[in-house]
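Everything quoted here is computed from the prediction, not taken from an experiment.
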Amino acid sequence: MNEFDLFTDRTGTKSSKFDLTGKEGVLPMWVADMDFKTLPEVREALKATAEHGIFGYSYPDEAYKTAVLDWVEDAYGYRPDEEELVLTPGVVFAIAHAVKAFSKPGDVVLIQEPVYYPFKMVAQANGRHVISSDLTEKDGEYFIDFDDLDEKMKQAKLMILSNPHNPVGKVFNKEELGKILELARKNDVLIIADEIHADFIYNTDFISLGRLAPDEVILC
């Protein structure tokens, strides 16, 4: 038996996925929340911390930083500078703070719809104007209209890029990423890249923007 054959009932555990459906007997599949148990090694480490009994302020030590840097280097083929690591509670939080740090109210933020709705939400919540260079669809595959992207970048201060793209599943190749970077340089646009889905793609290779332009992008 493997993890795909197991079912763990999460009702009554304050699970957004299970407890907010509003109906009993429904198997919820409405949110990106996997129902696989965390690795035993992680659970044991959490137990050890809990058994210590004191939950004071903590900090990311050198072992943590090394683990992150080693992972990026092994998975994505480049090693960030340690001083560039910024610890945040989540990707959306990181994007929101990047928007606030690198633009001002009234500036234009560019997205590529259809895209994960918090991109638009966090920009607008911080007083930025959002425009979209929509992806185009043909025979079930999505593409960038680079002429439109160029025109929209002329208005923008920032671009929030989802790669692999959520929700269409597009994994941008090296040529596409290179063209995006070329237009960003041409139009003086800073790219904030959400690459959180890079670890589960199929039949293709993922290329991080950090590998292509480590000093020109913000990775979340």
Side-chain angles (χ1 to χ4, degrees), residues 32 72 75-78 80 84 88 90-220:
V72 173
Y76 308 134
Y78 75 100
E84 294 177 351
T88 73
V91 171
V92 175
F93 182 95
I95 291 172
H97 277 264
V99 166
K100 290 192 288 185
F102 295 99
S103 67
K104 61 182 184 298
D107 281 345
V108 172
V109 175
L110 175 62
I111 60 177
Q112 293 173 295
E113 292 188 314
V115 75
Y116 184 48
Y117 72 92
F119 287 9
K120 184 175 184 178
M121 180 183 70
V122 298
Q124 291 180 331
N126 286 289
R128 277 60 171 175
H129 179 61
V130 178
I131 62 174
S132 176
S133 178
D134 294 353
L135 297 177
T136 60
E137 184 269 334
K138 182 179 180 180
D139 299 327
E141 186 173 354
Y142 286 82
F143 302 90
I144 299 172
D145 181 339
F146 281 106
D147 290 335
D148 182 69
L149 184 64
D150 189 12
E151 288 299 313
K152 297 293 173 58
M153 276 197 179
K154 293 175 182 177
Q155 308 172 46
K157 180 72 174 180
L158 303 175
M159 176 182 178
I160 307 177
L161 175 71
S162 180
N163 182 40
H165 192 280
N166 178 13
V168 308
K170 174 77 172 181
V171 182
F172 297 114
N173 60 37
K174 188 175 182 178
E175 181 181 355
E176 290 168 321
L177 293 173
K179 185 64 175 178
I180 292 171
L181 287 170
E182 176 187 330
L183 294 179
R185 293 170 184 137
K186 171 186 172 183
N187 294 289
D188 194 24
V189 172
L190 177 65
I191 298 175
I192 302 170
D194 172 3
E195 299 183 345
I196 195 172
H197 297 109
D199 297 331
F200 54 97
I201 59 177
Y202 303 95
N203 301 320
T204 189
D205 294 322
F206 172 74
I207 300 174
S208 172
L209 272 182
R211 179 177 169 185
L212 298 181
D215 299 325
E216 301 177 57
V217 299
I218 299 170
L219 302 178
C220 298

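- In this structure, Glu113 and Ser132 approach most closely via the heavy-atom pair N-OG, 3.0 Å.
- Sorted by first then second residue, the ring pair (Phe, Tyr, Trp, His ring centres under 6.0 Å) pairs that include residues 188-220, not counting sequence neighbours, are Tyr76-Phe206, His197-Phe200.
- For the pair Leu149 and Lys179, the minimum side-chain heavy-atom distance is 4.5 Å or more.
- To the nearest 0.5 Å, atom CG of residue Leu183 and atom CG of residue Asp188 are 13.0 Å apart.
- Within the 4.5 Å cutoff, the side chain of Leu209 has heavy atoms near those of the Leu177 side chain.
- How far CZ of Phe172 is from CD of Glu195: 11.0 Å, rounded to the nearest 0.5 Å.
- Side chains of Leu181 and Val217 form a contact here, defined as non-hydrogen atoms less than 4.5 Å apart.
- Here the CG-CG distance, from Asn126 to Asp107, works out to 12.0 Å after rounding to the nearest 0.5 Å.
- Once rounded to the nearest 0.5 Å, the distance linking CD of Gln112 with CD1 of Ile131 reads 11.5 Å.
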Chi angles and distances behind the side-chain contact (heavy atoms from CB on, under 4.5 Å) call for Phe119, Val109: CA-CA 9 Å; Phe119 287 9; Val109 175; over 6 Å; no
When you look at Ile191 and Glu216, which way does the side-chain contact (heavy atoms from CB on, under 4.5 Å) test go after all the steps? CA-CA 7 Å; Ile191 298 175; Glu216 301 177 57; over 6 Å; no
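- Under the 3.5 Å distance criterion, the side-chain polar atoms of Lys157 are left unmatched by any main-chain donor or acceptor of Ser103.
- Looking at Ser133, its side chain never comes within 3.5 Å of a backbone N or O of Lys152 through a donor-acceptor pair.
- Between Ile95 and Pro118, every side-chain heavy-atom pair lies at or beyond the 4.5 Å cut-off.
- In this structure, a donor-acceptor pair under 3.5 Å is absent between the side chains of Asp194 and Ser162.
- With respect to the salt-bridge test (charged N to carboxylate O, under 4.0 angstrom), the residues Glu151 and Lys154 qualify.
- In terms of heavy atoms, Ala184 sits closest to Met153 at N-SD, 3.5 Å.
- Using a 4.5 Å heavy-atom threshold, the side chains of Lys170 and Glu176 count as touching.
- Here the side chains of Ile180 and Phe146 are in contact, with some heavy-atom distance below 4.5 Å.
- Across every non-hydrogen atom of Pro164 and Val171, the tightest pair is CB-CG2, 4.0 Å.
- Contact between Ile201 and Thr204 at its shortest, heavy atoms only, is CD1-O, 3.8 Å.
- Few gaps surround CG on Leu135; more than 12 heavy atoms of other groups in view lie less than 6.0 Å from it.
- The distance from atom CD1 of Ile196 to atom CG of Asn163, rounded to the nearest 0.5 Å, is 13.0 Å.
- Applying the side-chain contact (heavy atoms from CB on, under 4.5 Å) criterion to Pro80, with sequence neighbours excluded, gives Leu69, Val72, Tyr78, Glu84.
- Under the 4.5 Å side-chain criterion, counting only non-hydrogen atoms from C-beta, Val99 is in contact with Ile192.
- In terms of heavy atoms, Thr88 sits closest to Ala94 at OG1-CB, 3.7 Å.
- Here Lys186 pairs with Asp150 in a salt bridge; the nearest charged N to carboxylate O distance falls below 4.0 Å.
- Shortest non-hydrogen contact noted between Ser208 and Leu219 is OG-CD1, 3.8 Å.
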